Amino acid sequence: MQGFRALPSADQFLQSRAGQALVAQHGRASVLARLRQQLEAMRKAIHAGADGHALAAQLPQRLAEALALASRSKLRPVLNLTGTVLHTNLGRAILADEAIKAATAAMGNPLALEFDLDDGTRGQRDDHLRGLLCELTGAEDATLVNNNAAAVLIALNTLGQGREAIVSRGELIEIGGAFRMPDIMARAGAQLVEVGTTNRTHFQDYENAITPQTGLILKVHTSNYRIEGFTAEVDAPRLSQLARKAGIPLLNDLGSGSLVDLSAYGMRREPTVSEAVAEGADLITFSGDKLLGGPQAGFIVGRRDLIAAINKNPLKRAVRLDKIRISALEATLRLYQDPDRLAQRLPTLRMLARTQADIHAQAARLLASMQALLTPHGFNVSLTDCESQIGSGALPVDTLPSAGFKITGQSGDAPQQLASRLRALPTPVIGHIRDGGLILDLRCLGEDQALTDALKPL
Ligand SMILES: *Cc1c(COP(=O)(O)O)cnc(C)c1O
């Protein structure tokens with residue numbers, strides 16, 4: 001009995017100096033909820049024989065820790081040292097400063113989203129980006145939706161509902177998260193007509209499949225895998241000729257869809273959106289937050305009459321973009337009007353274009369401080385070459401030579417243990433495990449200090 005009396009009541013604690021300080025920081029409701037939990041746990045411990053006075057003395061500290069932990073968001077910024085630049089699980093593209101400023105302004109202010117500042121009449125939210133998209137891609141018209149999955153869905157539904165959609169068996173891909181082409185087609189109300197085989201599809205396969213029920217031909221950029229060896233596919237220019245002759249539209253889903261030629265930045269050439277437009281596809285879909293380097297969004301560019309039909313589709317309202325992202329996208333697309341400075345201003349491109357020598361030099365600068373931080377914990381830190389990935393399914397088999405640290409420890413599971421401790425930091429540091437070590441690839445590290453600052457609380 002004696003032990004229980006050592007504990008304060010909830011009210012007594014809330015009146016105390018320690019209680020008042022916690023209420024000022026976290027609010028009364030949160031403090032009370034955690035306080036009750038702590039008191040309950042302490043009563044159980046006393047019941048089991050623990051010393052009530054000792055527990056009571058620990059109460060302010062324990063409660064402060066529990067509250068700090070509970071108020072810490074799991075959605076907090078991390079350091080992406082995985083080596084994957086467009087990491088879907090880490091939120092894909094980092095926005096340019098210009099885009100962040102535009103988004104921030106849109107968050108805190110009313111803006112002329114659907115309001116024409118020239119004549120004060122109602123405007124269209126997509127109009128802010130239409131001109132820019134047409135200028136950057138050479139397309140006749142453009143519209144935008146929530147992401148590229150939505151772009152594919154609404155395009156298929158608009159062109160193919162109740163009709164047939166022809167697609168090569170080599171392009172019936174799964175993008176991840178249960179987004180499979182055949183399923184999405186079924187949901188869009190289009191009947192899938194598969195042609196060709198997994199590795200080879202010919203012009204005649206498409207030609208023979210065209211019937212009066214055909215609503216569209218779909219071409220999918222197989223962005224997340226590559227078929228090699230004995231293969232054949234029909235390229236977009238020939239498909240577009242066929243589609244034109246038959247009077248049916250060709251939809252080309254580019255996936256990542258870069259607006260610039262990546263070979264200028266040391267990567268393999270990917271078809272650009274303007275090339276896809278020039279090749280004659282009637283509609284082209286691509287993502288906002290993959291190689292383009294903007295916020296999550298899906299773009300559809302192409303023929304004016306088809307874009308108009310998409311905009312009239314009732315699904316459009318369900319997949320439209322909000323003002324924050326429209327603002328960020330506009331600022332991002334404007335950067336593309338100045339290609340000379342694009343790689344400095346667009347973080348995605350800047351990270352992708354970093355040379356191994358530059359990354360290696362950064363790792364060498366940081367080596368001594370990394371060793372000073374980690375050696376006392378029993379870890380061994382060394383410089384290593386590594387391979388970065390672009391990510392988000394873009395150029396899946398291509399890697400970019402990179403550099404960073406390999407961290408090992410005495411025991412076999414030391415890398416896993418360290419990885420878990422780095423994830424628990426206030427700014428979690430995310431690497432990957434390879435060859436018995438934790439690899440921190442520095443390709444996506446900005447300032448040197450960001451890493452040492454993140455590791456300090458270790
Ligand atoms: C990534 C991808 C999509 C989906 O794009 P999200 O913007 O992630 O919705 C669709 N098609 C292809 C070919 C892709 O690579």
Side-chain angles (χ1 to χ4, degrees), residues 84-95 129 133 142-160 165 167-188 190 192 216-227 233 235-236 239 250-259 262 267-268 270-273 275-276 279 281 283-302 310 315-316 318-322 325-326 328-329 332-333 348 389-398:
T84 300
V85 177
L86 294 168
H87 201 301
T88 298
N89 305 138
L90 299 180
R92 292 196 185 160
I94 311 277
L95 298 197
L129 295 182
L133 280 166
T143 190
L144 42 141
V145 293
N146 181 55
N147 57 11
N148 189 36
V152 173
L153 174 68
I154 195 171
L156 280 173
N157 178 259
T158 307
L159 304 179
V167 61
S168 160
R169 289 198 170 89
E171 298 174 3
L172 286 174
I173 59 168
E174 174 182 303
I175 292 151
F179 187 88
R180 291 177 160 185
M181 255 329 152
D183 299 338
I184 215 71
M185 244 182 218
R187 288 293 167 132
L192 170 64
L216 72 144
I217 299 177
L218 170 65
K219 182 155 186 64
V220 185
H221 185 56
T222 53
S223 49
N224 55 5
Y225 79 114
R226 199 184 307 156
I227 298 182
E233 66 168 316
D235 59 21
L239 271 187
L250 171 67
L251 166 63
N252 189 353
D253 175 24
L254 278 185
S256 215
S258 181
L259 292 176
L262 295 175
M267 280 162 279
R268 194 164 55 81
E270 267 279 88
T272 65
V273 179
E275 283 162 5
E279 284 172 354
L283 287 179
I284 293 153
T285 55
F286 56 102
S287 269
D289 57 352
K290 293 187 182 173
L291 286 171
L292 196 137
Q296 180 186 302
F299 298 102
I300 313 172
V301 302
I310 286 173
L315 274 179
K316 177 73 197 303
V319 294
R320 76 177 184 188
L321 276 179
D322 62 283
R325 285 187 288 161
I326 289 177
L329 278 173
T332 305
L333 290 175
T348 299
Q389 287 188 318
I390 295 170
S392 285
L395 308 179
V397 289
D398 292 21

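Everything numeric here is computed off the predicted structure, so don't read it as measured data. Both ligands and their constituent atoms are indexed starting at 1 by order of listing.
Atom numbering of ligand 1 starts at 1 in the shown order; those under 4.0 Å from a heavy atom of His221 are 13 (C). With ligand atoms numbered from 1 in the order given, ligand 1 contributes 4 (C), 5 (O), 6 (P), 9 (O) to contacts under 4.0 Å with heavy atoms of Ala149. Which parts of ligand 1 touch Ser287 is read off a 4.0 Å heavy-atom cut-off, strictly below it: atoms 5 (O), 6 (P), 7 (O).
Taking a 6.0 Å sphere around CZ of Arg169, one finds it holds more than 12 heavy atoms contributed by other residues, nucleotides or ligands. In the displayed structure, Leu333 atom CG is contacted under 6.0 Å by more than 12 heavy atoms of other residues, nucleotides or ligands.
In the candidate list Lys290, Arg92, Met181, Lys290 is nearest to atom 14 (C) of ligand 1, counting heavy atoms. Considering each of Leu86, Asp253, Ile173, Ile184, the one bringing a non-hydrogen atom nearest atom 11 (N) of ligand 1 is Asp253.
In terms of the side chain to side chain donor-acceptor pair (under 3.5 Å) criterion, Arg187 has no residue partners (sequence neighbours excluded). Taking Glu279 as the reference, nothing meets the side chain to side chain donor-acceptor pair (under 3.5 Å) condition, with sequence neighbours excluded.
When side chains are defined from C-beta on, Leu216 counts as touching Leu156, because their heavy atoms get closer than 4.5 Å. With a 4.5 Å cut-off on side-chain heavy atoms, Leu144 and Ile326 count as touching.
The residue Gln296 has no part lying near ligand 1, judged by heavy-atom distances below 4.0 Å.
The shortest heavy-atom distance from Glu171 to ligand 1 is not under 4.0 Å.
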